[in-house]
Structures are given as C-alpha cells and as structure tokens.
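Below is one structure, written out as structure tokens; the observations come after it.
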Amino acid sequence: YSADRNEADPLVLGGGPAVFNPEPLAPFFDFFVLGDGEEVLPEIIREYAFWKDKGRKREDFLEKITRIPGIYVPGLYEPVYSQGNFSGLKALKEGVPLRIEKRTVVDLEHAFYPDSFIVPYMEVVHDRAALELFRGCSRGCRFCQAGFTYRPVRERSLNKLKELAGAIIDKTGFEELSLSSLSSSDYPQIEKLIDELQAQFHQREVSLSLPSLRADSFALKLADKVQHNRTGGVTFAPEAGSQRLRNVINKQVTEDEI
C-alpha cells in the first residue's frame, strides 16, 4: 500500500486510459496522471528533481504536484461512497483541487514524439516502429473508452509524419512501420501518406502496416496498397457477431461489408 511506503521506497505512478477509473487501485499508487503525458511528465520530473535536491519528505512532493493539472494523489483524498457506489472525493488538505482535469496536448504537431529508442536484440511481438497519425476519434462507438477519453481529434500534418517516419527508420533500423491511431483510415490524407512513405522507403524495403481499419470498401483499397510490400499487415475489427449488436454499439458496418 502507498500508505506503508517510506522515504527509501520508490514513488509509484499510473497512467494511460485505465486510470480514468483509478479508484480500485488507488490505495497502491502514490499518484496518477490523467490524460496525455507529453507535457505533464516533464513538469513532474522538474518537481521531482527539485524535491530530491532539497531532501524533503515524500508527502511534500506529493502535495506539491497536486498543483499540476492532471495529477491525482489518492492519499490526499478520502473517497465518498453512497450505498456501496463511489460518488466523489473529499480533499483532506486545503489547496488540493476537488476536481482533477485530464491533460490534453492541443498542439500535437509540435509535441514530443520519440524517434530514437531501445531496439531489442530478440524478436518481440510488436517488432516494428509505430507512427501515430492522429489522436482521438470522432466516431463515438459506445464501447470505445479511448474514443471518448482522447477527444478532441488532433492530427499531425503529412510533412511532419514523413519527417518522423524518416527519423525513426534511420535511428532504429526497423523493417516495418505501423501507421497507428484508433482508426487509421480516418486520417484525411491516408492514401497520399501511404504512397509517399512507400516511395520514401522503397529502396530500403521497409513495409507498412495498418493496425486499425474499419471493415469497409475504402479500408480494402488501403489494404491493397500495403499488400505490395514484403510483410505489410492489416487488422479489421467488426467488434460484434450480429448486426443488431453492431447497431447498439454504434459500429456502423454491415454484414455485406464484412
């Protein structure tokens, strides 16, 4: 438990889509980061470096970072339950925000994106580089947590994606590049991007993959584009076994299209 750790123990933090419902694991974490991490993580690290340099108590650090938007420190709150259901938080100290807002990177075009990272010597499951085309989704499928938590939709430009792709392949040597997003075919310039990346990497035999496509005719056209590569891959997600269920969850794809 977080309450049982002392100055000699590491700080434990959680992030990602799962922590939009952090309460079941709250007693085990020192703090959570809600939302996009590119901007908030450097802010946390700066506070951590200052705190460590001054040799202060961990409680001082945890209280200080509550001033950073997007940070939830469970130890500074008391959960309130009504008839067994979680109904809110009660702050245990003055100055601690009663409402924790998620962090959203507005300018994705100029946000940090890793292009130089550790490449394993052994073959791993996702043995490829990933290029994030855009973040968020406007479709509103009712089952999709990420589609709601990563709103609004923010895109990277075609030139930025080509620049990042070139840097990643140059520095890592991966032979496959995954064009990643919640729905890759929704990127406005996806066809042009595929054509230009294929031309860019043709001599180097770098294949492209589309990990998240809707089961429609346009997606099949995109699949046909990448299949000419050496090991290009495509993933379709029908999501439900009947048309009635697809309609219920707002997955607008028909049996004929599948």
Side-chain angles (χ1 to χ4, degrees), residues 1-82 84-120 124 126 130 132 135-136 145-152 154 156 164 168 171 180 182:
Y1 290 94
S2 174
D4 298 331
R5 293 194 286 270
N6 55 41
E7 308 300 324
D9 296 314
L11 289 158
V12 180
L13 68 123
V19 306
F20 278 86
N21 180 25
E23 220 46 41
L25 291 174
F28 305 98
F29 283 78
D30 293 306
F31 64 100
F32 293 97
V33 180
L34 278 69
D36 297 331
E38 290 95 332
E39 295 173 347
V40 68
L41 287 175
E43 295 172 17
I44 295 170
I45 291 168
R46 281 194 291 270
E47 290 293 344
Y48 177 80
F50 178 80
W51 164 77
K52 194 172 183 181
D53 182 59
K54 298 297 181 182
R56 296 178 177 177
K57 294 182 179 180
R58 65 193 286 133
E59 289 79 9
D60 296 331
F61 169 73
L62 293 172
E63 188 172 346
K64 183 69 179 294
I65 62 172
T66 60
R67 274 68 172 178
I68 299 175
I71 304 296
Y72 169 42
V73 180
L76 296 177
Y77 298 86
E78 180 182 333
V80 179
Y81 292 88
S82 175
N85 296 316
F86 176 78
S87 61
L89 294 170
K90 177 183 177 183
L92 299 179
K93 287 193 175 184
E94 287 189 18
V96 175
L98 291 176
R99 190 183 188 93
I100 297 96
E101 301 284 351
K102 74 168 185 176
R103 291 296 292 264
T104 301
V105 175
V106 177
D107 184 8
L108 201 65
E109 178 80 356
H110 298 100
F112 170 76
Y113 194 84
D115 59 14
S116 181
F117 41 85
I118 295 171
V119 178
V124 294
H126 297 291
E132 183 189 41
R135 193 169 300 174
Q145 182 201 34
F148 288 94
T149 59
Y150 283 115
R151 287 182 176 181
R154 291 146 288 155
R156 289 188 169 92
L164 288 172
I168 291 169
K171 294 177 182 178
S180 178
L182 292 177

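Note that the numbering runs from 1 along the sequence shown for the chain.
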Inset, instruction - Without swapping roles, check the side chain of Arg56 against the backbone of Phe61 for a donor-acceptor pair under 3.5 Å. - result: no
Legend entry - Validation row: Leu41, Phe112 side chains within 4.5 angstrom (heavy atoms): no
Legend entry - Asp9 CG to Ser2 OG distance, which is reported to the nearest 0.5 Å: 9.5 Å
Inset, instruction - Compute whether any side-chain donor of one residue and acceptor of the other, for Tyr72 and Glu23, lie under 3.5 angstrom apart. - result: yes
Legend entry - Minimum heavy-atom distance between Pro42 and Gly37, given as atom pair plus value: CD-O, 4.2 Å
Inset, instruction - Any chance you could measure Ile71, atom CD1, to Leu13, atom CG, to the nearest 0.5 Å? - result: 8.0 Å
Legend entry - Close side-chain approach of Leu11 and Leu62, heavy atoms under 4.5 Å: yes
Inset, instruction - Check whether any side-chain heavy atom of Leu76 sits under 4.5 Å from a side-chain heavy atom of Glu63, and report yes or no. - result: yes
Inset, instruction - Please examine the side chains of Leu89 and Ile100, heavy atoms only from C-beta on, and report whether any two atoms are closer than 4.5 Å. - result: yes
Legend entry - Enclosure of Lys64 NZ (heavy-atom neighbours >12, cutoff 6.0 Å): no
Legend entry - Check ion pair Asp36-Arg135 (N to O, under 4.0 angstrom): yes
Inset, instruction - If the plane angle is over 60° it's perpendicular, under 30° parallel, otherwise tilted; pick one for Phe28 and Tyr1. - result: parallel
Inset, instruction - Check whether any side-chain heavy atom of Phe29 lies under 4.5 Å from a side-chain heavy atom of Val19, and answer yes or no. - result: no
Legend entry - For Ser116 against Lys171, the heavy-atom pair lying closest together: CB-CD, 3.8 Å
Inset, instruction - Check for a donor-acceptor pair, side chain of Arg154 on one end and backbone N or O of Pro152 on the other, with a separation under 3.5 Å. - result: yes
Legend entry - Separation of Glu38 CD from Thr104 OG1 (nearest 0.5 Å): 10.5 Å
Legend entry - Atom pair OH (Tyr77) and CG (Leu92), whose distance is rounded to the nearest 0.5 Å: 9.5 Å
Inset, instruction - Would you mind checking if Glu59 and Lys93 are paired as a salt bridge, meaning a charged N to carboxylate O distance below 4.0 Å? - result: no
Legend entry - Atom of Ala111, atom of Val105 and distance for their closest heavy-atom approach: CB-CG1, 3.7 Å
Legend entry - Shortest non-hydrogen contact from Gly84 toward Tyr81: O-CD2, 4.1 Å
Inset, instruction - Determine the minimum heavy-atom distance between Ile65 and Glu47, stating which atoms define it. - result: CG2-CB, 4.1 Å
Inset, instruction - Could you check if a side-chain atom of Arg5 sits within less than 4.5 angstrom of a side-chain atom of Val12, using non-hydrogen atoms only? - result: yes
Legend entry - Side-chain touch Leu164/Arg156, heavy atoms, less than 4.5 angstrom: yes
Inset, instruction - Output, in order, the C-alpha distance, side-chain angles, deciding distance and verdict of side-chain contact (heavy atoms from CB on, under 4.5 Å) for Leu108 and Tyr113. - result: CA-CA 9 Å; Leu108 201 65; Tyr113 194 84; over 6 Å; no
Legend entry - Over all atoms of both residues, closest heavy-atom pair of Phe20 and Gln145: CB-NE2, 4.2 Å
Legend entry - Validation row: Phe31, Ile68 side chains within 4.5 angstrom (heavy atoms): no
Legend entry - salt bridge (Lys or Arg N to Asp or Glu O under 4.0 Å) between Asp30 and Arg58, worked out: CA-CA 10 Å; Asp30 293 306; Arg58 65 193 286 133; 3.1 Å; yes
